Amino acid sequence: MPPRTRLAPAALALALIATGVISQPASAAATATAAPAAATTTTTTADPLLDKLTAIPGLTVVSETRPSGLRFFVLTLAQPVDHRRPHKGTFQQRFTLLHRSDDAPVVLYTGGYGLPVNPTASQTEPTRLLGANQVSVEHRFFRTSRPDPADWSKLDIWQEASDEHRIVQALKTVYSGKWIQTGASKGGMTSVYHRRFYPGDVDGVVAYVAPNDRVNPADRAYDEFFEQVGDADCRAALEGVQKEALKRRDRLVARFEDEAARNGYTFTQSLGSADRSFEMTVLDAVWAFWQYSDVSQCASVPPATATDDEIYDWIDTVAGFSFYTDQGIAYYVPYYYQAATQLGWPSLKFGHLRGLIRYPGLYQPNSVIPAELRSHHDPRPMLDVDHWVRKQSSRMMFVYGENDPWSAERFTPSADDSYLYVAPGANHGANISRLPEADRQAATATLLRWAGVAGAQATQRVAADIPDDDMLPGRRTR
């Protein structure tokens, strides 16, 4: 049986605060550390929301703050390591709750990665458009939501969907409104997988820039993307800077090795050497450019006559040489494990670099994770999800960026109240607000209809000073 619901003990809370895992107002900290006062009679104020949360089996309230008059909780829920064998142990999965009202819609935000070390209140685009509550879930195996010991075979799309299912079912005892799920990139993929396995949990899905690598080796769509994106001059300049970097490999790798030594970067758990890491970063540079930049930045690409420093610094700015080090990859190992085993990855030809590449086959996820986690790819889960989305799904909305490489292989929604939108000229940060006006209005109206609210209702609940969340992690991964 899962442990009973509990509030975080004072000693645990103080330990979390001391290590920076959670924070609290200065006044609260002073109260927590002050000497005990003489016993007095106090009156307890009723707190129906907290009572409902603490009635959920296995849920722990770690902290609460009150930004902009709303309530923001950091929570954990005891989850089975294996939902097929729940008696085989549990782990604590972190999630947060931004509370507006009991009867407002709830946005389930699945980011696909970890939550910040110290989570603070933010809102996704659907949360703001709906004036909704928001539940933000840390994906299993990221940050503190990792079983100990870690059985990596339990990191798959069904297990995580089952985690989310238990959170939704638990919080439906608190909230009476409709549920909308959202996420971007890997978080958008995660929202699709949850919808596939538990279609009754939410009333609609808005998946942003969600890749769909349904047949992993058949990646011609990615190569075609790079043959057409931008204009010919920009494409030639980007290919040229890759060629020049590899031609100057000996000098640039020496610079990279010096930088690694100064910063304590190592390669034993990821690429294996600075040279392999350098090649991976160069291969990734054009992808990273289009994922995060736009055509206005084509002029910044160094020409073939650029100096070594200019080429090195441009690649470092766009792709980041520190990323493909043990230290840069560590946080993303669960993603690369999932890509290797189920999600798939972009298999590019790099025909323009023929004769300059030393490590054929390097550009794939097994190259960057520890040897003991490397695995064969199982194509069945993505084929199943793709077929279900096309033929059986309903109330799903997909938003892509025209110039985003990850949008080259996208989901095709069914004809059952489902939609696909493309933001012109947008990169991996595409969203509803960047759509042409007619599409923006249509997408917003659909979202409001799914959530069962009128625009005026949603506007009344909006807290303007809660920051927006673009739902994307840092450097370059899904």
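Since the structure is predicted, the reported quantities are computational estimates derived from the model, not experimental observations.
Remark: side-chain polar atoms of Y193 are not paired, donor with acceptor, to backbone N or O of P381 under 3.5 angstrom. For the pair S414 (side chain) and S393 (backbone), a donor-acceptor distance under 3.5 Å is present. For Q291 (side chain) and H428 (main-chain N/O), no donor-acceptor pair under 3.5 Å exists by modelled atom type. A donor-acceptor pair is defined here as one N or O able to donate and one able to accept, closer than 3.5 Å; no such pair exists between the side chain of Q242 and the backbone of A285. A donor-acceptor pair under 3.5 Å is absent between the side-chain atoms of D439 and the main chain of A442, judged by distance alone. Between the side chain of R395 and the backbone N or O of D417, no donor-acceptor pair lies under 3.5 Å. Checking side-chain atoms of R410 against main-chain N and O of N212 turns up no donor-acceptor pair under 3.5 Å. At distances below 3.5 Å, at least one donor-acceptor pair connects side-chain atoms of E125 with backbone N or O atoms of I432. Distance alone, capped at 3.5 Å, places no donor-acceptor pair between the S136 side chain and the Y109 backbone.
The only member of T76, T144, T60 that meets side chain to side chain donor-acceptor pair (under 3.5 Å) when paired with R94 is T144. Checked against D384 for a salt bridge (Lys or Arg N to Asp or Glu O under 4.0 Å), the options R196, R214, K391 give a single hit: R196. A side-chain contact (heavy atoms from CB on, under 4.5 Å) with Q342 holds for exactly one of D156, N216, D213, V385; it is D156. Of the listed residues (L348, L238, V229), just one forms a side-chain contact (heavy atoms from CB on, under 4.5 Å) with V286, and that residue is L238. Among the candidates F350, Y222, W287, W345, the single residue satisfying the ring-ring contact (aromatic ring centres under 6.0 Å, His included) test with Y363 is F350.
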Verify salt bridge (Lys or Arg N to Asp or Glu O under 4.0 Å) between D468 and R128, making sure each step is shown before the conclusion. CA-CA 8 Å; D468 288 346; R128 177 172 49 78; 3.4 Å; yes

side-chain contact (heavy atoms from CB on, under 4.5 Å) between H194 and V205, worked out: CA-CA 10 Å; H194 180 198; V205 169; over 6 Å; no

side-chain contact (heavy atoms from CB on, under 4.5 Å) between V318 and Q297, intermediate numbers included: CA-CA 11 Å; V318 170; Q297 292 164 285; over 6 Å; no

After noting the C-alpha distance and the side-chain angles of R358 and R276, does the key distance pass the side-chain contact (heavy atoms from CB on, under 4.5 Å) rule? CA-CA 8 Å; R358 286 182 180 173; R276 287 169 62 88; over 6 Å; no

Can you list the steps and then say if D313 with R255 is a salt bridge (Lys or Arg N to Asp or Glu O under 4.0 Å)? CA-CA 11 Å; D313 290 344; R255 174 173 169 172; 2.6 Å; yes

Show your working on salt bridge (Lys or Arg N to Asp or Glu O under 4.0 Å) between R71 and E64 and close with a plain yes or no. CA-CA 7 Å; R71 301 182 72 174; E64 179 188 359; 2.6 Å; yes

When you look at W450 and T446, which way does the side-chain contact (heavy atoms from CB on, under 4.5 Å) test go after all the steps? CA-CA 6 Å; W450 287 348; T446 297; 3.4 Å; yes

Take F95 and F73 through the ring-ring contact (aromatic ring centres under 6.0 Å, His included) test and state the conclusion after the steps. CA-CA 8 Å; F95 63 106; F73 297 89; over 10 Å; no

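Within the 4.5 Å cutoff, no side-chain heavy atoms of T96 are placed close to those of L98. For the pair P119 and F72, the minimum side-chain heavy-atom distance is below 4.5 Å. Side-chain atoms of M471 and Y208, non-hydrogen and from C-beta on, do get closer than 4.5 Å to each other. Q338 has its side chain within reach of H139: a pair of non-hydrogen atoms, C-beta onward, lies under 4.5 Å apart. Between D469 and Q123, every side-chain heavy-atom pair lies at or beyond the 4.5 Å cut-off. Looking at heavy atoms from C-beta onward, I167 lies in side-chain contact with Q79 at the 4.5 angstrom threshold. Taking the side chain as every heavy atom from C-beta outward, V453 and P105 approach each other to under 4.5 Å. Between I466 and P67 there is a side-chain heavy-atom pair separated by less than 4.5 Å.
A donor-acceptor contact under 3.5 angstrom links the side chains of H83 and D163, judged on distance only. D294 and Y292 are not linked by any side-chain donor-acceptor pair at a separation below 3.5 angstrom, with hydrogens and angles left out of the test. In this structure, a donor-acceptor pair under 3.5 Å is absent between the side chains of D416 and S418. A donor-acceptor contact closer than 3.5 angstrom links the side chains of T124 and T127.
Residue R235 holds its CZ atom at 8.0 Å from CD of Q228, rounded to the nearest 0.5 Å. Atom CG in L343 sits 7.5 Å away from atom NE2 in H377 (nearest 0.5 Å). With rounding to the nearest 0.5 Å, the separation of OG in S185 from CG in L472 is 6.0 Å. Within the model, atoms CG of D386 and CE of M382 stand 9.5 Å from one another, a figure rounded to the nearest 0.5 Å. Taken from OG1 in T190 to CD in E164, the straight-line distance is 6.5 Å, to the nearest 0.5 Å. L115 CG to E138 CD: the interatomic distance, rounded to the nearest 0.5 Å, is 4.5 Å.
Minimum heavy-atom separation, I311 to V241: CG2-CG2, 4.1 Å. Across all their heavy atoms, S191 and A207 have their closest contact at OG-CB, 3.8 Å. The shortest non-hydrogen separation linking L356 to E279 is O-OE1, 4.3 Å. Between L155 and P334 the shortest heavy-atom distance is CD2-O, 3.7 Å. Taking both residues in full, the closest heavy atoms of S277 and Y324 are given as OG-O, 2.5 Å, listed atom of the first, atom of the second, then distance. Heavy atoms only, all atoms of each residue included: F323 and A319 are closest at CB-O, 4.2 Å.
Close placement of the Y312 and F321 rings is indicated, their centers lying within 6.0 Å of each other. Ring centroid separation for the pair F398 and F411 comes in under the 6.0 Å cut-off. Between W290 and F226, the distance separating the two ring centers is not shorter than 6.0 angstrom.
One finds no salt bridge joining K349 and D223 here, because no Lys/Arg side-chain nitrogen approaches an Asp/Glu carboxylate oxygen to under 4.0 Å. In this structure, R220 pairs ionically with E227, as a charged nitrogen and a carboxylate oxygen lie closer than 4.0 Å.
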With a cut-off of 3.5 Å and sequence neighbours excluded, list every side-chain donor-acceptor pair involving residues 172-180.
residue	atom	partner	partner atom	Å
K172	NZ	D201	O	2.9
T173	OG1	A170	O	2.6
Y175	OH	H99	ND1	2.8

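The cationic atom of R195 (NZ for Lys, CZ for Arg) does not lie both less than 6.0 Å from the six-membered ring centre of W388 and within 45° of the ring axis.
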